[in-house]
Amino acid sequence: MAKPKEIVGKRNAKVGYGSKRANRRKEIIRVASKLFSEKSYHDVTMEEIAEKVGCCKGYNLPLL
């Protein structure tokens, strides 16, 4: 029987429905939506969203 391939890097990691990455993304979207409903689009900052979520701003993370 063949051995399954191991994931070598983060770029190869798939985003599953219940993965940590998918959960973090849902949390960011939830917090951002709440902030956008309270303030206008131009008044919400990335720093504010990151602070509410409890993470750092990322410049190289895809949002897809």
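Heavy atoms only: backbone and side chains are in, while hydrogens, waters and symmetry mates are out.
Taking CD1 from I29 and CZ from F36, the interatomic distance works out to 11.0 Å, rounded to the nearest 0.5 Å. A distance of 11.0 Å separates CD in E38 from OG in S33, rounded to the nearest 0.5 Å. In this structure, CD1 in I49 is found 9.5 Å from SG in C55, a value given to the nearest 0.5 Å.
Counting only heavy atoms from C-beta outward, the side chains of K34 and K52 never approach each other to under 4.5 Å.
Between E27 and R30 a salt bridge is recorded (basic side-chain N to carboxylate O distance below 4.0 Å).
Here the shortest heavy-atom pairing between E48 and V44 reads OE1-CA, 3.9 Å.
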